[in-house]
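The structure appears right after this line, and notes come after that.
In what follows, residues are counted from 1 in the order of the sequence shown. Counting starts at 1 for both ligands and their atoms, following the listed order.
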Amino acid sequence: MSTFTIDSATSRATPTPVPGKRMTVPGLRARKVDGKTAEPIVMLTAYTMRMAQLLDPHCDLLLVGDSLGQVIYGLPSTVPVTLDMMCAHGAAVVRGSWHALVAVDMPFGSYEASPEQAFASAARVMKESGCAAVKLEGGEAMAPTIAFLTARGVPVIGHVGLTPQAVNTLGGYGARGKSAAEAKKILSDAVAVADAGAFCIVVEGVMEEIATKVTGAAQCPVIGIGASDQCDGQVLVTEDMLGLFERTPRFVKRYDDLATRIGEAASTYAAEVRERSFPTAEQTYRPKGG
Ligand code: KIV
């Protein structure tokens with residue numbers, strides 16, 4: 001566990017000792033050599049400064065996912081998420097991290113219309129948050145946009161397979177690639193995104209065999225979620241893996257049961273307030289020697 005030194009002027013907590021250099025895009029890309037990644041890449045989502053601080057020492061990549069729409073804002077999908085939200089949460093996560101590379105999701109409607117629209121949105125996200133990369137959903141149709149961004153100083157993470165921003169087209173969040181035609185399309189999407197210059201690709205919610213093929217076919221690292229243990233890395237939504245929700249997708253492993261623990265803490269607090277056993281003298285300001 002890191003020790004933090006608090007700067008009382010800014011309330012900013014700096015880890016002690018300060019970690020070395022932050023992960024870079026070329027450094028991450030170079031983790032895959034001749035189609036193989038020796039040490040799997042560790043990625044988690046983060047939306048807030050404090051969560052970023054806690055996750056940062058353990059992760060190579062922190063993703064400010066547009067899943068914040070559901071997780072933080074209680075929205076029904078990622079579709080209503082805005083650039084304003086992504087910029088604000090991206091900046092918080094950059095402020096709370098020192099080691100991991102921070103990537104921010106481009107929200108629905110901020111990049112699909114044209115490469116120029118995508119560049120304007122990505123430049124805003126990078127300037128306002130300080131992140132080093134953006135992620136966008138889509139396969140072959142997005143390849144020209146990925147090439148355009150990459151050539152103009154915007155490192156891009158691709159996202160193929162189940163693409164949650166397309167929920168209204170897909171009709172739900174079920175696993176993709178069950179038919180041969182769909183499997184072939186996901187593979188060609190991944191190759192197109194990699195060839196366009198994405199330094200990394202997220203493959204989400206696909207049959208295991210497809211994830212393995214995508215990992216073998218793409219030159220850049222492939223990060224799986226609901227995919228395969230053969231991917232070059234793994235990502236999960238942090239609140240899912242911490243057990244903050246009653247229902248989680250089948251591919252999530254819960255590493256804790258924070259929902260229960262938070263409920264217990266809140267219940268104990270409520271009982272102590274009601275019986276006036278909190279606060280005690282220890283939590284009360286009184287004159288010294290009084
Ligand atoms: O928005 C998100 O959190 C994501 C991950 C699930 C990969 O895109």
Put together the list of close N/O pairs, under 3.5 Å, between ligand 1 and the protein, could you?
from     : atom 1 : to     : atom 2 : distance (Å)
ligand 1 : 1 (O)  : Asp66  : N      : 3.2
ligand 1 : 1 (O)  : Asp66  : OD1    : 3.0
ligand 1 : 1 (O)  : Ser67  : N      : 3.0
ligand 1 : 1 (O)  : Ser67  : OG     : 3.3
ligand 1 : 1 (O)  : Asp105 : OD2    : 3.1
ligand 1 : 3 (O)  : Ser67  : OG     : 2.5
ligand 1 : 8 (O)  : Lys135 : NZ     : 2.9

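Residue pairs meeting the side chain to side chain donor-acceptor pair (under 3.5 Å) criterion with at least one member in residues 262-276, sequence neighbours excluded, are Glu275-Ser277. Within the structure, the side chain to side chain donor-acceptor pair (under 3.5 Å) test picks out the following pairs touching residues 167-177 (sequence neighbours left out): Arg176-Glu182.
Put simply, the side chain of Phe199 does not reach to within 4.5 Å of the side chain of Val156, judged on heavy atoms.
Remark: the backbone N or O of Thr238 is paired with a side-chain donor or acceptor of Thr45 at under 3.5 angstrom.
In terms of the side-chain hydrogen bond (donor to acceptor under 3.5 Å, both in side chains) criterion, residue partners of Glu128 (sequence neighbours excluded) are, by chain and number, Arg124.
In this structure, Arg261 does not pair ionically with Asp257, as no charged nitrogen and carboxylate oxygen lie closer than 4.0 Å.
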